[in-house]
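Numbers here simply count residues along the sequence, with the first being 1. Bear in mind the structure is a predicted one, so any value in this text is a computation, not a measurement.
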Amino acid sequence: MTASHAGWTDELARARLHFVTGKGGTGKTTLAAALGLALAREGRRVLLIEVEGRQGIAQLFDTEPLPYAEQRIAAVPGGGELRALHIDVEAALLEYFEMFYNLGFAGRTLRRMGAIEFATTLAPGLRDVLLTGKIKECVGRTESDGRHTYDAVVVDSPPTGRVVKFLDVTKALTDLAKTGPIRGQADGVVRLLHSGETAVHLATLLEEMPVRETVEAVAELDGADLRPGAVLVNRVRPERLPARSITAAADGRVDASRVRTGLASAGLKLPEDTLDALVEETVEHAVRVAAEQRAREQLAEADLPTLELPDVTDGIDVAALYELAEALTDQGVRL
């Protein structure tokens with residue numbers, strides 16, 4: 001395969017549904033929120049959806065837990081708007097009964113009986129069909145003037161280990177009815193998820209396990225005829241050493257006397273133990289940089305657009321989300 005290439009492509013700019021997945025701990029919820037903010041620039045309206053029940057979006061934006069309703073969560077420079085939706089499976093099933101079978105009252109009765117839990121246990125695929133069905137409805141919804149309600153929808157998706165099962169609704173259909181509204185709804189979901197309107201982005205770190213899982217997930221998405229989008233490399237730290245010095249330093253070959261001389265020429269005279277600690281830190285830094293270089297080479301196997309996000313050392317708050325969104329915009333993220 002050819003090397004990964006940087007930047008957001010014209011093909012990705014045409015997508016309207018963006019899933020963000022990643023190994024646990026890679027910051028996929030943070031990157032989904034940042035992507036939503038980036039796409040909402042220049043007066044766009046974007047919906048950020050959560051499907052896992054963790055209320056991670058509310059925590060990121062320091063708001064009350066999200067209800068099963070779309071609500072404005074952030075304003076974006078240029079008149080854009082980011083809304084958020086926490087999809088509750090039970091509420092989605094009740095909504096489904098009401099929309100397709102006119103069973104609003106019966107649905108509420110079913111909830112009291114615990115039948116909803118029974119139904120999703122009986123047909124495990126039903127849960128994912130309900131979630132992706134609601135996502136499809138948000139993507140396809142239009143206003144009275146014919147314009148889409150949302151210019152883009154971003155989904156904080158299940159982790160890479162579960163994302164293909166979540167998106168491959170075709171398999172879930174084997175557990176469900178062969179005809180009727182739910183089949184029609186699911187067929188529409190399949191068409192959307194396998195179309196050029198959908199992209200699945202992968203959050204990762206420059207570490208061996210997340211990178212390996214990312215490359216495997218790309219192959220799995222390809223195998224399911226789902227379109228991988230971009231690789232979002234999170235928490236990228238600056239390199240402090242010249243490239244020519246990395247290999248030697250990573251092997252522990254740091255000349256303490258040269259370091260001492262260099263510091264002295266800059267007017268710094270350090271105690272011997274401080275100098276030793278500085279040399280040790282230099283070696284550790286070089287080892288990390290060398291490992292990250294190997295991780296980049298492995299990511300290149302995925303042959304996808306790659307965007308890098310800086311490490312936010314002070315923790316993630318709303319201001320940091322806007323900074324990450326700006327970093328994405330600087331790398332071409334747009335609609």
Review point. Got a second to check how far Thr329's OG1 is from Arg334's CZ, nearest 0.5 Å?
Key: 11.0 Å
Review point. Can you name the closest pair of heavy atoms from Ala58 and Pro65 and give their distance?
Key: CB-CA, 4.0 Å
**Study point:** Value rounded to 0.5 Å, distance of CD in Gln59 from CD1 in Ile316
**Key:** 13.5 Å
Review point. Hey, is CG on Asp62 packed in by over 12 heavy atoms from elsewhere, all under 6.0 Å?
Key: no
Review point. Any donor-acceptor pair under 3.5 Å linking the side chain of Thr306 with the backbone of Leu304?
Key: yes
Review point. Looking at CG of Asp168 and CG of Leu193, how far apart are the two atoms once the value is rounded to the nearest 0.5 Å?
Key: 9.0 Å
Exercise for review: Examine distances only and state if a side-chain atom of Thr142 and a backbone atom of His148 form a donor-acceptor pair shorter than 3.5 Å.
Suggested key: no
Check your understanding: So, for Ala320 and Gly315, which heavy atoms are closest and what is the spacing to 0.1 Å?
Key -> CB-O, 4.0 Å
Revision key, fill the gap. Exactly one candidate in Val89, Ile49, Val189, Val155 meets side chain to side chain contact (heavy atoms under 4.5 Å, CB included) with Leu131; the answer is Val89
**Study point:** Any side-chain heavy-atom pair of Arg72 and Leu82 under 4.5 Å
**Key:** no
Review point. Quick one: do the Thr29 and Asp156 side chains pair a donor with an acceptor below 3.5 Å?
Key: yes
Practice item. Give a yes or no answer on whether the side chain of Asp317 reaches the backbone of Ala319 with a donor-acceptor pair at less than 3.5 Å. Key: yes
Study note, to complete from the structure: When every non-hydrogen atom of Leu335 is compared with those of Arg44, the smallest separation belongs to O-NH2, 3.6 Å
Point to revise | Minimum heavy-atom distance between Gly7 and Pro305, given as atom pair plus value | key: O-CB, 3.1 Å
**Study point:** Partner of Thr149 under side-chain hydrogen bond (donor to acceptor under 3.5 Å, both in side chains), chosen from Arg45, Arg83, Glu143, Glu70
**Key:** Glu143
Point to revise | More than 12 heavy atoms of other groups within 6.0 Å of Glu326 CD | key: no
Check your understanding: Does atom CD of Glu42 have more than 12 heavy-atom neighbours from other groups under 6.0 Å away?
Key -> no
Check your understanding: Is there a donor-acceptor pair closer than 3.5 Å between any side-chain N or O of His201 and the backbone N or O of Ala230?
Key -> yes
Check your understanding: Same cluster for Leu12 and Leu37 if Ile/Leu/Val/Met/Phe/Trp/Tyr side chains link at under 4.5 Å?
Key -> yes
Practice item. Under the side chain to side chain contact (heavy atoms under 4.5 Å, CB included) rule, what do Arg162 and Glu52 come out as? Steps first, then yes or no, please. Key: CA-CA 11 Å; Arg162 299 204 311 271; Glu52 291 189 281; 3.1 Å; yes
Practice item. Identify the two heavy atoms, one from Leu85 and one from Cys138, that lie closest to each other, and give their separation to 0.1 Å. Key: CD2-SG, 4.0 Å
Review point. Is there a donor-acceptor contact under 3.5 Å from the side chain of Gln331 to the main chain of Leu307?
Key: no
Exercise for review: Considering only NZ, NE, NH1 and NH2 on the basic side and carboxylate oxygens on the acidic side, decide whether Glu207 and Arg235 come within less than 4.0 Å.
Suggested key: no
Exercise for review: May I have the step-by-step check of side chain to side chain contact (heavy atoms under 4.5 Å, CB included) for Val139 and Leu192, ending in yes or no?
Suggested key: CA-CA 9 Å; Val139 172; Leu192 172 62; 4.2 Å; yes
Practice item. Would you check, one step at a time, whether the test salt bridge (Lys or Arg N to Asp or Glu O under 4.0 Å) holds for Glu137 with Arg141? Key: CA-CA 6 Å; Glu137 187 272 321; Arg141 192 187 312 153; 2.9 Å; yes
Exercise for review: I would like to know whether Thr9 and Arg14 meet side chain to side chain contact (heavy atoms under 4.5 Å, CB included); could you show each step before the answer?
Suggested key: CA-CA 9 Å; Thr9 65; Arg14 289 190 290 271; over 6 Å; no
Exercise for review: Let me see the working for Val233 and Leu309 under side chain to side chain contact (heavy atoms under 4.5 Å, CB included), right down to the final yes or no.
Suggested key: CA-CA 6 Å; Val233 184; Leu309 287 302; over 6 Å; no
Check your understanding: Does the side chain of Val51 reach to within under 4.5 Å of the side chain of Ser157, using non-hydrogen atoms?
Key -> no
Check your understanding: Asn234 versus Thr204: any side-chain heavy-atom pair under 4.5 Å?
Key -> no
Review point. If you measure from the Lys or Arg side-chain nitrogens to the Asp or Glu carboxylate oxygens, is any gap between Glu197 and Arg227 under 4.0 Å?
Key: no
Review point. Between Lys28 and Lys23, is there a donor-acceptor pair closer than 3.5 Å when you use the side chain of the first and the backbone of the second?
Key: no
Review point. Judged by atom type as modelled, is there a donor-acceptor pair below 3.5 Å linking the side chain of Thr160 to the main-chain atoms of Ala217?
Key: no
**Study point:** Side chain proximity check, Leu232 to Leu202, heavy atoms < 4.5 angstrom
**Key:** no
Practice item. Salt-bridge test for Arg294 and Glu208: reply yes if a basic N is under 4.0 Å from a carboxylate O, no otherwise. Key: no
Revision key, fill the gap. Heavy-atom nearest pair, Ala92 first then Tyr68, reads CA-OH, 3.6 Å
Check your understanding: Just wondering, do Val46 and Val154 contact through their side chains at under 4.5 Å, heavy atoms?
Key -> yes
Exercise for review: Taking the side chain as every heavy atom from C-beta outward, state whether Glu216 and Arg212 have any pair of such atoms under 4.5 Å apart.
Suggested key: yes
Practice item. Hey, could you give me the CG/OG1 distance between Leu31 and Thr26, rounded to the nearest 0.5 Å? Key: 7.0 Å
Check your understanding: Which class fits the ring pair Phe19 and Phe166: parallel under 30°, tilted 30 to 60°, perpendicular over 60°?
Key -> perpendicular
Check your understanding: From Glu81 CD over to Leu47 CG, what is the distance, rounded to the nearest 0.5 angstrom?
Key -> 10.0 Å
Check your understanding: Same hydrophobic cluster for Leu205 and Val231, using side-chain heavy-atom links shorter than 4.5 Å among ILVMFWY?
Key -> no
Exercise for review: Could you tell me the separation between the OG1 atom of Thr214 and the CE atom of Met209, rounded to the nearest 0.5 Å?
Suggested key: 10.5 Å
Point to revise | Electrostatic pair Asp151-Arg41, nearest N-O below 4.0 angstrom | key: no
Check your understanding: With side chains defined as the heavy atoms from C-beta onward, is the minimum distance between Asp311 and Val236 less than 4.5 Å?
Key -> no
Exercise for review: Flag the pair Leu35 / Leu39 as yes when at least one side-chain heavy-atom distance between them is below 4.5 Å, and no otherwise.
Suggested key: yes
Review point. Is the count of non-hydrogen atoms from other residues, nucleotides or ligands lying under 6.0 Å from Asp314 atom CG greater than 12?
Key: no
